[in-house]
Every structure is written in structure tokens, then in C-alpha cells.
Amino acid sequence: GLVIYLLLSLPPEISIPLVIIVILFYWLSKRRKNVITQSVSSVPTYANKSSELQQIESKIERLKLSDQNFSRVLFLDFVTSIYYKYYSSFSKKEFKDLRPFLSVSVFQNANNIAPNSRSISEIVVGNININSIFENSAYLSISVDINSNYTLSMGGRNTRFILTERWTFNRKKGLASKGPDQMRDLKCPNCGEGDLFYTPTF
């Protein structure tokens, strides 16, 4: 309306420059408004999370087709047991009992810590969520996010840590999950053959 008014009521040498100024001002204000209203989220949206959960559920169902013994509850119990025993026996002689269940690199890195140089206690596992499931021609891998806290005693000082860790558990493809007793109690029917169980790396 302003553009029409200017064109009809003023001489061309005045109205045309004014119209150009009005149009330019309008365009700049619209562009600035669009920039201000744009937002970028650094966290997954509800739709993203829902899609990821559906994908994980679908992969679990496919896994059960080849491994009828697989149970999410038993697997997460197994993760909790491994996690608890890993930290509670850290730098102690009992740590060697976890050798069949740990990858070579994880075991060696932890085993290089000086014996009895530190101790970890008051271990509390808050929650564990399956983050991803991956299969190739040789291995099945399941990644989990673990929220926990514990007290580290070292050099006469106690420090409380709150942690979020991602552990990846691997095993040879085609193997069936163990029964409840073996999964929960970490029984090792063939010690030294870690491929019988999920082997965590992190």
C-alpha cells in the first residue's frame, strides 16, 4: 500500500528512489527475522530418539531369530556383573579372574596398574541402555551406555566420581547366549575362550 501511494502521489524522480528504499528495508527486515527465528538443537529430538529406539528394538528381534536364548534382561544383568566386578577387583589379585571375559587390550591396560595402588568401592550402577547393535560376517557387537558412580581411594584420598561410559560387548557370530546362571554368575565353562561370552571393549 505504501509503495502504491508513493508512486501515485509523488513525482517519479522522488517516488522511485523511495520505493526502492522501502522494498530494500522490507527485504532486510524479513531476512533478519528469519535468521533470529532459526534454531539449532545439539541434542536428539524426540523423533530422533524414538526412531533410534525402534531401530534397536528391530535389531533385537532379528537377533532373537538367530539366538533364541537372547534376553535383554539377562544381557543387561551380565553387563552389570562384569562392570561391578571389573571395578571392585581393580588393581587386586582377583582381577585375573576376569581375564576370560575381557579383551586383551582391556585386560592388559587394567592389569598394568600397580597392585593395591588404588581401590574402588561403593559402586552404584544407575541405569544401562543398549545404544547400538552391529553384526558383520564374523562378530556381533552390542554397545551399551552405563551411568554409574563410585568412590576411588588412592594415596589416602577418597574421591567420588559420577560417570557415563560406553562399553562395547563382542562375541563370535552364530553363538547362542548362555543360560541365566552362567550369565548372571559369570561362570566360565571353558576359561581362556572369551569368544564364548560377550567381550567388552571401551
Asker: Indicate the atoms forming the closest heavy-atom contact of Ala176 with Asn69, along with that distance.
Answerer: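 Smallest heavy-atom distance, with atoms named: CB-ND2, 3.9 Å.
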Asker: Using a 3.5 Å distance criterion without hydrogens, assess whether the side chain of Ser58 forms a donor-acceptor pair with backbone atoms of Gln54.
Answerer: no
Asker: Do the side chains of Val106 and Trp167 get nearer than 4.5 Å, heavy atoms only?
Answerer: no
Asker: What distance do Leu102 atom CG and Asp97 atom CG have between them, rounded to the nearest 0.5 Å?
Answerer: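 It is 11.0 Å, given to the nearest 0.5 Å.
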Asker: Looking at every heavy atom in both Phe90 and Ala110, which two are closest together, and how far apart are they?
Answerer: CE1-CB, 3.6 Å
Asker: For the CD1 atom of Ile56 and the OG atom of Ser132, what is their distance to the nearest 0.5 Å?
Answerer: 7.0 Å
Asker: Determine whether Ile123 and Leu163 fall in the same hydrophobic cluster, where Ile, Leu, Val, Met, Phe, Trp and Tyr are linked whenever their side-chain heavy atoms lie under 4.5 Å apart.
Answerer: yes
Asker: Determine, using the 4.5 Å side-chain heavy-atom cutoff (strictly less than), whether Val124 and Ile82 are members of one ILVMFWY cluster.
Answerer: no
Asker: Look at Lys85 together with Glu94 and state whether they make a salt bridge at an N to O cut-off of under 4.0 Å.
Answerer: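 Not counted as a salt bridge, because no side-chain N and carboxylate O are separated by less than 4.0 Å.
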Asker: Just say parallel, tilted or perpendicular for the rings of Phe95 and Tyr86, cut-offs at 30° and 60°.
Answerer: perpendicular
Asker: Kindly indicate whether the side chain of Glu165, heavy atoms from C-beta on, has any atom under 4.5 Å from the side chain of Tyr83.
Answerer: yes
Asker: Using every non-hydrogen atom in the two residues, find where Ser89 and Leu98 come nearest and quote the distance to one decimal.
Answerer: OG-CD1, 3.9 Å
Asker: Would you check if the side chain of Ser91 reaches a backbone N or O of Arg118 as a donor-acceptor pair within less than 3.5 Å?
Answerer: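 Looks like yes, one N/O pair under 3.5 Å.
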Asker: To the closest 0.5 Å, what do you measure between CD1 (Ile60) and CZ (Phe70)?
Answerer: 5.5 Å
Asker: Could you go through Phe161 and Ile120, starting from their C-alpha distance and side-chain angles, then the distance that decides it, and tell me whether this counts as side chain to side chain contact (heavy atoms under 4.5 Å, CB included)?
Answerer: CA-CA 10 Å; Phe161 288 93; Ile120 296 175; over 6 Å; no
Asker: How about Arg160: does its CZ atom have over 12 heavy atoms from other parts shown lying under 6.0 Å from it?
Answerer: yes
Asker: Could you state the interatomic distance from CD (Glu122) to OG (Ser88), rounded to the nearest 0.5 Å?
Answerer: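 Between atom CD of Glu122 and atom OG of Ser88 there are 13.0 Å.
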Asker: Is there a path from Ile113 to Phe101 through hydrophobic residues (I, L, V, M, F, W, Y) whose side chains come within less than 4.5 Å of each other?
Answerer: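 Yes, one cluster joins them.
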Asker: Counting only heavy atoms not in Ile162, do more than 12 fall under 6.0 Å of its CD1?
Answerer: no
Asker: Do you know which of Arg62, Lys173, Arg171 makes salt bridge (charged side-chain N to carboxylate O under 4.0 Å, His left out) with Asp67?
Answerer: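 For Asp67, the salt bridge (charged side-chain N to carboxylate O under 4.0 Å, His left out) check succeeds only for Arg171.
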Asker: With a 4.5 Å cut-off on side-chain heavy atoms, are Asn170 and Ser103 touching?
Answerer: no
Asker: Taking all heavy atoms of Asn136 and all of Tyr139, pick out the closest pair and write down the distance.
Answerer: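 Smallest interatomic distance, heavy atoms only, reads OD1-N, 2.6 Å.
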Asker: If you group Ile, Leu, Val, Met, Phe, Trp and Tyr by side-chain heavy-atom gaps below 4.5 Å, do Met154 and Tyr150 land in one group?
Answerer: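 Yes; tracing contacts between hydrophobic side chains, which count when under 4.5 Å, links both residues.
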Asker: Quick one: pull up OG in Ser81 and CZ in Phe78 and give me the separation to the nearest 0.5 Å.
Answerer: 8.0 Å
Asker: What are the two closest heavy atoms between Arg72 and Ile130, and how far apart are they?
Answerer: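 For Arg72 and Ile130, the tightest heavy-atom pair comes out as CG-CD1, 4.1 Å.
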Asker: If every non-hydrogen atom of Asn158 is compared with every non-hydrogen atom of Ser153, which pair is closest and at what distance?
Answerer: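 Minimum heavy-atom separation between Asn158 and Ser153: OD1-OG, 2.6 Å.
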Asker: Taking atom CG of Leu140 and atom OG of Ser177, what is their separation to the nearest 0.5 Å?
Answerer: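 So the gap between those two atoms works out to 8.5 Å.
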Asker: Out of the candidates Val79, Thr80, Asn129, only one should pair with Ile146 under the side-chain contact (heavy atoms from CB on, under 4.5 Å) rule; please name it.
Answerer: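 So, applying the side-chain contact (heavy atoms from CB on, under 4.5 Å) to Ile146 and each of Val79, Thr80, Asn129, only Val79 qualifies.
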